[in-house]
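Indexing begins at 1, ligand by ligand and atom by atom, following the structure's order.
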Amino acid sequence: MPKVLVSDSIDQAGIDILSQVAQVDVKTGLPAEELVKIISEYDALMIRSGTRVTQEIIEAGVQLKIIGRAGVGVDNVDVAAATRAGIVVVNSPEGNTIAAAEHALAMMLSMSRHIPEANESVKSGKWDRKKFIGVEVYKKTLGIVGLGKIGSHVAAAAKAMGMKLLAFDPYISQERADQLSCRLVDMDILLQESDYITLHMPKTKETYHMIDAKAFDMMKPTARIVNCARGGIIDEAALVEALKEGKIAGAALDVYENEPLEADSALRELGQKLVLTPHLGASTEEAQVNVAVDVAEQIRDVLLGLPARSAVNIPGLYPDALEKLKPYLQLAETLGNLVSQLAGGRVDFLDVRLQGELATNNSQPVVVASLKGLLSQALRERVNYVNASIEAKERGIHVIETRDAAANDYTGSLHLEAKGSLGTHSVSGALLGDREMRITNIDGFPINVPPSHHMLFTLHRDMPGIIGKIGSLLGSFNVNIASMQVGRKIVRGEAVMVLSIDDPLPEGLLSEIMKVPGIRDAYTVTL
Ligand SMILES: NC(=O)C1=CN([C@@H]2O[C@H](COP(=O)(O)OP(=O)(O)OC[C@H]3O[C@@H](n4cnc5c(N)ncnc54)[C@H](O)[C@@H]3O)[C@@H](O)[C@H]2O)C=CC1
Ligand SMILES: O=C(O)C(=O)COP(=O)(O)O
């Protein structure tokens, strides 16, 4: 019988499901060294946010087939290491949405009405009604950062309470924001105009310390901020200073840069202006049953050799179909990712053209893979083969599919056209010898280049000297060019240049490139 280790507190409903197919050991609060020692015995690991699944643990888990995160955020799991080790990582993308949204609202209201201190005061024998004059949320402006599942539910509830809504989310469509009655604005406007700010985005390189001293300086002195998303999005030292200096009126935190919060953290000393809870966003009876059942069912299925429905790192498709389509899925993800960056992230329209052998009904996963790639900048590991279509729909992305079996330039090829904040852009790609990916067209210009991690695209006038100038400019910034190709439709007309470079483009170089005579546009892309 396979063995499952449950290393965080999980609802019994999940344990019951796992017990049907496995021996289940519940060992919570294990120190990391202990976990490394015992993990080699287990086929599956079930966790919440309390267990940090590091590369070391993954490497020691020689039998591990699946890591199940009973919740949303997988930032406590080294997903890349798990993928490399062939371990499926699953989560429960929706099981605790309502719980987390309601917690954010509870934090906003309890902060506004000083509920924690008033409660403490009454219980200590006092009857102080003057000290706890609060503020109303009615007619106040709420700025929602991250208009995904939780942010959307917060928007609906806040609207019902009579709040005016602003939202910042670089990856959400205008249509989706309109549906939720949110005015989509830049982050600076949101910071300046909001009476309340609530954070609902993942912790990524972009969002780490997004709320820093500069952000607090922009906020109203009466502003109040709630973080029920992830610790580290707010710079805690800057928050302490902002509260001490009266730059903002209050804050409520459920999540912290280090959890558990250090006993001597300065956050614990801030009194009435700061409401703190110990990562309770998902802690409702309902959510805990939802996530435990959702994830336990997936662990059970994977242990029985079936696919998982919410795998964050491996497509949830049946093995046979998957094997055949795999190279095309990879191509579709890459092209989706590429076209979303060329179109500027906030895409509201995608045309997927499946050509040649791809124009069969069995190729539907290729459309899903294109969407997964398209959304990967916004949603990272949260988007998977199961939820990509629904995520796209909820984000107001109109998807059109066209099939053209007669197209015969390649055995099978894929063309994606996306309309986003930077206009309409298109890319095509095909496989060489069944496996090797090629980008075959950019914005109507024929090319033939393999995708690479860092790429630079220019649109320019086809004239002598321009390629040399770009080459020496990159050289002067010490950027190594791995390959370069030019595509053009007519001689001395417009052309595109595609460069694969070894490192990300240094700051300032793109604007230098734009200054080269004849260059019309330039983009960098990371794939
Ligand atoms: N406190 C708790 O116990 C819980 C916390 N969470 C956390 O809440 C957060 C939101 O979860 P969901 O709504 O389920 O995720 P989601 O994936 O549905 O939504 C996240 C949204 O953030 C947006 N986003 C990405 N980068 C952004 C950026 N740089 N600026 C602004 N927006 C950006 C995405 O476009 C997306 O719309 C996650 O960090 C999750 O881990 C989730 C459940 C419970
Ligand atoms: O689902 C999430 O992202 C959460 O943050 C919930 O964390 P928890 O399962 O309560 O440790």
Check your understanding: Is E394 reaching over with its side chain to a backbone N or O of E391, donor-acceptor style, under 3.5 angstrom?
Key -> no

Heavy-atom proximity to atom 3 (O) of ligand 1, picking from Q377, R380, H279, R48, points to H279

Would E259 and H279 count as having a side-chain donor-acceptor pair, cut-off 3.5 Å?
-> yes

Taking only non-hydrogen atoms of M210 and a 4.0 Å limit, the atoms of ligand 1 in range are 30 (N)

Practice item. Give the C-alpha distance, both sets of side-chain angles, the deciding distance and a yes or no for side chain to side chain donor-acceptor pair (under 3.5 Å) between E333 and N337. Key: CA-CA 6 Å; E333 274 194 47; N337 188 354; over 6 Å; no

Logged contact type for V291 with ligand 2, heavy-atom cut-off 4.0 Å, is neither

- Query: In terms of heavy-atom contacts, does CD of Q174 have more than 12 from other residues, nucleotides or ligands at under 6.0 Å?
  - Reply: yes

With heavy atoms and a 4.0 Å threshold, my read on which part of A70 contacts ligand 2 is backbone

**Message:** Tell me if a side-chain donor or acceptor on D169 pairs with a main-chain N or O of Y171 at a distance below 3.5 Å.
**Reply:** yes

*asked:* Whether the side chain of D254 engages the backbone of L280 through a donor-acceptor N/O pair (distance < 3.5 Å, no angle test) should be reported.
replied: yes

### Query
Within the structure, does I150 bring an N/O atom to less than 3.5 angstrom of an N/O atom in ligand 1?
yes

Within 4.0 Å of some non-hydrogen atom of H200, the atoms of ligand 1 are 10 (C), 20 (C), 21 (C), 22 (O)

Quick note on ligand 1: atoms under 4.0 Å from a heavy atom of R230 include exactly 5 (C), 39 (O), 41 (O)

> For D254 and ligand 1, does the shortest N/O to N/O distance drop below 3.5 Å?
Replying inline: yes

Check this for me: does any side-chain nitrogen of one of R309 and D294 sit under 4.0 Å from a carboxylate oxygen of the other?
yes

Is there a polar contact between ligand 2 and S49, counting only N or O atoms under 3.5 Å apart?
yes

Would M187 count as a contact residue for ligand 1, given that I'm defining contact as a non-hydrogen atom of the residue lying under 4.0 Å from a ligand atom? no

Item to check | Heavy atom of R395, distance to ligand 1 below 4.0 Å | outcome: yes

> Can you find an N or O of C228 that's nearer than 3.5 Å to an N or O of ligand 1?
Replying inline: yes

I'd like to know if the side chain of H103 pairs up with that of T277 as donor and acceptor (distance under 3.5 Å, no hydrogens or angles considered). yes

Here the atoms of ligand 1 under 4.0 Å from any heavy atom belonging to A100 are 43 (C), 44 (C)

Note: ligand 2 atoms sitting under 4.0 Å from heavy atoms of R48 are 8 (P), 9 (O), 10 (O), 11 (O)

Here the gap from I15 atom CD1 to Q20 atom CD, rounded to the nearest 0.5 Å, amounts to 12.5 Å

Q) Do ligand 1 and K149 have nitrogen or oxygen atoms that lie under 3.5 Å from each other? A) yes

Yes or no: does L379 have any heavy atom under 4.0 Å from an atom of ligand 1? yes

Taking only non-hydrogen atoms of Y171 and a 4.0 Å limit, the atoms of ligand 1 in range are 25 (C), 26 (N), 35 (O)

Practice problem: Check whether the side chains of S152 and R176 place a donor and an acceptor atom closer than 3.5 Å, and report yes or no. | Solution: yes

Here the atoms of ligand 1 under 4.0 Å from any heavy atom belonging to T207 are 28 (C), 29 (N)

Under 4.0 Å from one or more heavy atoms of M201, ligand 1 contributes atoms 9 (C), 22 (O), 24 (N), 32 (N), 33 (C), 38 (C), 39 (O)

We want to know whether H200 and T198 form a side-chain donor-acceptor pair, criterion being a heavy-atom distance below 3.5 angstrom.
yes

Surrounding NZ of K393 (heavy atoms of other residues, nucleotides or ligands, distance under 6.0 Å), is the total greater than 12? no

### Query
Taking the side chain from T284 and the backbone from A287, do they hold a donor-acceptor pair closer than 3.5 Å?
yes

For G73, the atoms of ligand 2 under 4.0 Å from one of its heavy atoms are 1 (O), 2 (C), 3 (O)

heavy-atom search around atom 4 (C) of ligand 2 in the protein gives R69 NH2, 3.2 Å

Original post:
Hey, are the side chains of H114 and Q272 touching, using non-hydrogen atoms and a 4.5 Å cut-off?
Top reply: yes

For the residue pair Y196 / S112, report whether a side-chain donor-acceptor contact shorter than 3.5 Å exists. yes

Quick one: does A229 get a heavy atom under 4.0 Å from ligand 1? yes

*asked:* Between ligand 1 and L280, is the shortest N or O to N or O distance under 3.5 Å?
replied: no

query = Any cation-pi pair here, K247 with F216, using under 6.0 Å and within 45°?
reply = no

Worksheet item: Ignoring hydrogens and geometry, is there a side-chain-to-backbone donor-acceptor pair from D43 to K3 under 3.5 Å?
Response: yes

In ligand 2, the atoms that come under 4.0 Å of a heavy atom of G71 are 1 (O)

If you scan protein heavy atoms around atom 5 (O) of ligand 2, the nearest is H279 NE2, 2.7 Å

- Query: Is N96 in polar range of ligand 2, meaning some N or O pair under 3.5 Å apart?
  - Reply: yes

Would V72 count as a polar contact of ligand 2, with the cut-off being nitrogen or oxygen pairs under 3.5 Å?
yes

Atoms of ligand 2 under 4.0 Å from any heavy atom of A282, numbered from 1 in the order shown, are 6 (C), 10 (O)

If we number the atoms of ligand 1 from 1 as shown, the ones under 4.0 Å from a heavy atom of E206 are 29 (N)

